[in-house]
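Following: one structure in structure tokens, then a few remarks.
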Number of protein chains: 2
Amino acid sequence: MELYNLLDGWIALYRFEQQGRRQILDFALPGSFIGFEPDFSRALLHGAECITDVSVCVFPKSGFHELMESHPPLSRRLLYLISRDKMIAQDHLTNVGSRSAQARIAHLLLSLHIRATQTDGTRETSIPLTQNHIADALGLTTVYVSQTLKRLREQNLLIFKAGKLEILEPDALADIAEFDHLLLV
Amino acid sequence: MELYNLLDGWIALYRFEQQGRRQILDFALPGSFIGFEPDFSRALLHGAECITDVSVCVFPKSGFHELMESHPPLSRRLLYLISRDKMIAQDHLTNVGSRSAQARIAHLLLSLHIRATQTDGTRETSIPLTQNHIADALGLTTVYVSQTLKRLREQNLLIFKAGKLEILEPDALADIAEFDHLLLV
DNA sequence: CGGGTGTTTGAATAATGTCAAACCGAGTGG
DNA sequence: CCACTCGGTTTGACATTATTCAAACACCCG
């Protein structure tokens with residue numbers, strides 16, 4: 001079992017569930033640090049799907065704690081990354097647990113847009129997901145995601161097509177997404 | 001802003017949402033370490049409600065990093081706790097995102113039962129939540145939680161009443177909860 | 001006895017899932 | 001250049017799940 005630093009590409013991290021369902025927990029973007037589990041000896045709890053071609057930097061777990069303890073800044077950095085993951089998971093939970101399908105989709109796309117560009121400026125971002133990824137991340141059905149994206153398109157809020165997101169009305173979109181600007185990651 | 005170690009009692013950690021909804025992110029049980037945020041300077045992202053009377057051990061954030069870096073075992077312990085929180089958040093997300101109301105409720109009660117007792121033995125546990133807490137944690141309505149608990153009762157799976165959980169058929173319950181025994185926290 | 005919080009009930013409604021079929025565009029082999 | 005396949009998307013009709021609203025109930029506490 002190893003740890004990875006994702007250098008390029010997108011990866012979906014998910015849990016297997018019964019009856020053909022799966023829950024996507026997070027999308028790893030370049031810079032993400034993945035594979036760390038609270039208990040090293042445990043079986044791996046999630047699967048990973050490469051959404052695009054990826055390149056990673058892999059390093060072994062052996063000697064990991066020693067490395068951390070002899071390099072405090074590294075240790076502090078790791079703590080920061082993991083606690084940010086925790087916050088992202090809680091954002092995701094809030095999204096799935098308390099918003100309508102339309103708000104959920106808008107919210108997810110908005111936050112991926114921000115994570116993908118780290119700037120609010122550009123109007124079109126590459127978000128290489130299929131509608132099926134969105135459905136699995138948000139606890140919805142693929143067909144309902146399709147219908148909801150259509151509604152968002154007809155309201156002139158956004159266009160999501162072929163892995164490209166175009167935001168037409170940022171303010172109105174943030175509004176229906178119930179997007180809290182304090183949460184900018 | 002301080003950090004807390006919960007010595008006794010239950011606390012609900014939640015996010016405020018618009019239109020009167022709130023999302024409960026986690027229940028803190030005795031032993032939980034709460035108040036740690038990835039970025040110390042940020043506004044606090046969640047609220048906390050004491051479900052029972054509580055007693056906490058509070059200590060200030062100032063000098064926190066220095067303390068960590070001069071005590072590696074402490075640092076390692078904190079990393080463990082935070083990454084376990086991350087895992088709990090992802091379990092919760094999986095529960096809300098991919099299961100029916102009945103399975104969700106059964107799953108939540110089962111995992112709280114385990115966290116509360118740390119032993120599978122006892123048949124009746126104190127889980128001092130109202131149905132409203134359950135609803136807010138699972139993205140459901142209070143009335144639907146009530147109806148679903150009734151169904152669970154009628155199937156002779158569990159009885160949840162006045163803050164006490166009684167598990168009648170552990171195996172059948174774990175089954176409809178889609179409970180994965182590998183996930184025992 | 002009265003008021004408050006939490007729970008239960010029922011009926012009507014809205015949101016989302018299911019199933020099945022058609023469609024669309026990109027890549028592939030003839 | 002065409003026909004095919006394949007993954008992904010769209011559509012429509014219908015079933016199910018969960019929400020909403022409103023009222024009654026139950027229980028504890030003062």
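A, B, ... follow the sequence lines: proteins, then strands. Residue 1 opens every chain.
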*Pairing residues for A:Arg76 by the salt bridge (charged side-chain N to carboxylate O under 4.0 Å, His left out) criterion, not counting sequence neighbours*: B:Glu69
_Net bend of the helix from C:dC1-D:dG30 to C:dG30-D:dC1, end axes of five pairs each, nearest 10 degrees_ = 30°
*For the pair made of CD1 in B:Ile105 and P in D:dT17, what is the distance, rounded to whole Å?*
14 Å
_Given 3.5 Å as the limit, does a donor-acceptor pair link the side chain of A:Gln23 with the main chain of A:Phe16, or not?_
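Here the side-chain-to-backbone pair does not exist.
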*Please find the earliest and latest nucleotides of DNA chain C, in the 5' to 3' direction, that have an atom within less than 4.0 Å of any heavy atom of chain B.*
C:dT7 to C:dT9
*No-hydrogen, no-angle side-chain donor-acceptor test under 3.5 Å, A:Ser55 and A:Asp8*: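 The answer is no; no qualifying pair exists.
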*asked:* Within the structure provided, determine whether B:Gln155 and B:Glu169 are in side-chain contact (heavy-atom separation under 4.5 Å).
replied: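 Heavy-atom side-chain distance check fails, nothing below 4.5 Å.
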*Are any of the side-chain heavy atoms of A:Leu78 and A:Phe36 separated by less than 4.5 Å?*
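Touching, per the 4.5 Å side-chain cut-off.
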_Residue pairs fulfilling salt bridge (charged side-chain N to carboxylate O under 4.0 Å, His left out) with at least one residue in residues 47-56 of chain A, sequence neighbours excluded_ =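 The answer is A:Arg22-A:Glu49.
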Side-chain N,O ([X]) to OP1/OP2 ([N]) below 4.0 Å:
X	N	result
A:Arg153	D:dT10	yes
A:Lys150	D:dT11	yes
A:Thr130	D:dT9	yes

*Going by number, which of residues 133-145 of chain A have a non-hydrogen atom under 4.0 Å from DNA chain C?*
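The stretch gives A:Gly139, A:Leu140, A:Thr141, A:Val143, A:Tyr144 as the residues lying under 4.0 Å from the strand, ordered by number.
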_Salt bridge B:Asp26-A:Lys86, side-chain N to carboxylate O under 4.0 Å_ = no
Might you list the N or O atoms of the protein lying below 3.5 Å from N or O atoms in nucleotides 23-27 of chain D, with each pair's distance?
none

